[in-house]
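Everything on this sheet refers to the single structure shown next.
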Amino acid sequence: MHAFVTGGSGFVGGHVTRRLAADGHRVTALARSSEAADRVRDLGAEPAMGDVADRLALEAGMSGAEVAYHCAAWVGTWGDRTEIWRVNVDGTRAVLDAARRTGVRRVVHVSTESVLLDGSSFEGTDETRPYPDRFLSDYAETKAVAERLVLEANGDDLETIALRPRQVWGPGDDTWFPALAAKVRSGVFRWVDDGRHLGSSTHVQNLVEALMLATDRGHPGEVYFVTDGPPRTFREFVTRYLGAAGIEIPDRSAPGWLMRILASAVERIWRLFRIDSTPPLVRVEASMVSHPQWFDDSKARRDLGYEPVVTFEEGMDRLERRAR
């Protein structure tokens with residue numbers, strides 16, 4: 001099989017690229033820089049130079065490919081709205097257009113549970129929950145728009161499927177882990193409600209496994225949650241995740257209601273004074289750690305045949321061994 005990967009030098013896309021190449025497939029991966037191209041080559045793929053919103057570069061890279069894995073995205077809690085929309089929405093639209101023009105059979109899109117985030121709780125939530133009317137961040141909104149574009153693009157000339165992992169973690173995490181570690185090291189980190197709320201997580205290799213299964217399985221035009229299985233408290237997860245790198249977390253906590261109020265106030269101040277830096281606390285972060293956030297992945301298990309290939313304990317043990 002010839003596969004095309006966007007974000008092939010990144011965290012998720014890099015793991016996808018490595019897995020495809022290891023399985024003996026021909027892989028072409030989009031690369032925006034010479035450094036990204038070198039990374040793609042190291043993973044066993046052929047780089048296709050260009051930006052995710054560049055249709056000509058995408059068409060050149062997808063030429064001859066049967067399946068495209070759309071892993072590229074702007075990921076974060078705060079940033080320039082124009083750039084976030086350009087990457088997440090315009091980029092996804094460009095990927096879909098290029099896939100149609102080059103005859104790609106199926107696009108498998110990496111979405112996120114954030115497409116549902118509206119400040120409420122999620123307890124065993126499945127794919128039937130509708131999109132909210134308002135979103136807590138530009139990231140959540142743009143990923144929701146992108147996911148809709150993907151699902152609406154499904155048709156006779158192109159099959160599309162979207163996967164929604166939650167809190168992707170594992171070796172090479174260059175987004176969530178560094179941000180969390182920085183908050184602890186700077187002294188601003190606080191547990192919220194003692195970190196007792198349950199949440200789902202998705203080890204990056206479990207996500208990759210689901211993406212491989214979605215290559216030929218699942219119902220076109222559908223979306224699937226992917227998790228590690230039973231949820232864990234935020235405190236247990238973060239303590240083990242940062243602890244694997246030798247980072248100890250002070251035992252300080254604040255009530256969820258207070259953190260949500262503070263986050264709203266901080267965002268208003270940053271917008272009012274047009275402050276360039278990232279706020280120390282934002283609404284989406286406060287909501288995610290002060291409400292249950294766990295999801296039902298039984299649809300993926302049924303339709304894709306998905307089962308986690310890495311347990312929580314195995315994943316954490318591997319990280320601890322790597323850090324020694």
Arg55 and Ala98 have their tightest heavy-atom pair at O-CB, 4.4 Å

**Asked** Hey, are His109 and Thr160 close enough side-chain-wise for a donor-acceptor pair under 3.5 Å?
**Response** no

Indicate yes or no: does Arg100 engage Asp97 in a salt bridge with an N to O separation below 4.0 Å. yes

- Determine whether Trp74 and Thr142 make a side-chain contact, defined as any pair of heavy atoms from C-beta on separated by less than 4.5 Å. no

When every non-hydrogen atom of Gly256 is compared with those of Val192, the smallest separation belongs to CA-CG1, 3.4 Å

For this session: Might you work through the side-chain contact (heavy atoms from CB on, under 4.5 Å) test for Asp173 and Val204, ending with a clear yes or no?
Result: CA-CA 9 Å; Asp173 177 2; Val204 65; over 6 Å; no

Interatomic distance, CG@Leu96 vs CG@Leu58, rounded to 0.5 Å, equals 10.0 Å

For Gly50 and Arg32, the nearest pair of non-hydrogen atoms, with its separation, is O-CG, 3.4 Å

Heavy-atom closest pair (Val27 atom, Ala21 atom, distance to 0.1 Å) is CG2-N, 3.8 Å

Problem set entry | Check: Ile247 main-chain N/O paired with Arg185 side-chain donor or acceptor under 3.5 Å | no

Is it true that, when you exclude Glu248 itself, more than 12 heavy atoms of the residues, nucleotides or ligands shown sit nearer than 6.0 Å to its CD? no

Asp80 meets the salt bridge (Lys or Arg N to Asp or Glu O under 4.0 Å) criterion, sequence neighbours left out, with none

Using the ring of each side chain (for Trp, its six-membered ring), is His203 parallel, tilted or perpendicular to Trp169, with breaks at 30° and 60°? perpendicular

- [ ] Could you tell me whether the side chain of Pro171 reaches within less than 4.5 Å of the side chain of His15, counting heavy atoms only?
- [x] yes

Applied to residues 249-276, the salt bridge (Lys or Arg N to Asp or Glu O under 4.0 Å) test, sequence neighbours excluded, yields Arg235-Asp251, Glu267-Arg271, Glu267-Arg283

Between the CD atom in Gln167 and the OG atom in Ser114, the distance rounded to the nearest 0.5 Å is 10.0 Å

- Message: Quick one, Glu159 and Ile161 - any side-chain contact, counting heavy atoms below 4.5 Å?
- Response: no

Here the gap from Arg26 atom CZ to His2 atom NE2, rounded to the nearest 0.5 Å, amounts to 4.0 Å

Sorted by chain and residue number, the side chain to side chain contact (heavy atoms under 4.5 Å, CB included) partners of Glu141 (sequence neighbours excluded) come out as Arg81, Trp85, Phe135, Asp138

- Step by step, would you call Val226 with Tyr306 a side-chain contact (heavy atoms from CB on, under 4.5 Å)? CA-CA 8 Å; Val226 179; Tyr306 167 74; 3.6 Å; yes

Residues passing the salt bridge (Lys or Arg N to Asp or Glu O under 4.0 Å) test with Asp174, sequence neighbours excluded, are none

Answer yes or no: does atom CZ of Arg129 have more than 12 heavy-atom neighbours from other residues, nucleotides or ligands under 6.0 Å? yes

ask   = Can you find a side-chain donor-acceptor pair between Asp303 and Tyr224 that sits under 3.5 Å?
value = yes

Worksheet item: Is the Trp176-Phe237 ring centre distance short of 6.0 angstrom?
Response: yes

field: Pair Arg240-Glu313, side-chain contact (heavy atoms from CB on, under 4.5 Å): steps then yes or no
entry: CA-CA 9 Å; Arg240 287 293 304 274; Glu313 291 296 335; 3.1 Å; yes

Apart from Val284 itself, its cluster of hydrophobic side chains linked below 4.5 Å comprises Trp78, Val115, Leu116, Leu117, Phe122, Tyr131, Leu136, Leu151, Val223, Phe225, Val266, Ile269, Trp270, Leu272, Phe273, Ile275, Val282, Met288, Phe295

For Leu211 and Tyr69, the nearest pair of non-hydrogen atoms, with its separation, is O-CE2, 3.7 Å

SB check Glu127 Lys299 (cutoff 4.0 Å): no

Rounded to the nearest 0.5 Å, the CG atom of Leu304 sits from the CZ atom of Arg217 at a distance of 8.0 Å

Worksheet item: Taking 4.0 angstrom as the limit, do Asp216 and Arg105 come out as a salt bridge?
Response: yes

Exercise for review: Check the pair Val289 / Trp191 against side-chain contact (heavy atoms from CB on, under 4.5 Å), numbers first and verdict last.
Suggested key: CA-CA 8 Å; Val289 298; Trp191 295 112; over 6 Å; no

(request) Mind running side-chain hydrogen bond (donor to acceptor under 3.5 Å, both in side chains) on Arg166 and Thr125 for me, showing each step along the way? (result) CA-CA 12 Å; Arg166 200 267 168 169; Thr125 300; over 6 Å; no

Residue set satisfying salt bridge (Lys or Arg N to Asp or Glu O under 4.0 Å) with Glu314, at least two apart, ordered chain then number -> none

Tightest non-hydrogen contact, residues Ala254 and Met259, listed as CB-SD, 3.7 Å

Rounded to the nearest 0.5 Å, the SG atom of Cys71 sits from the CG atom of Leu30 at a distance of 11.0 Å

Value for CD (Glu83) from CG (Asp90), rounded to nearest 0.5 Å, stands at 9.5 Å

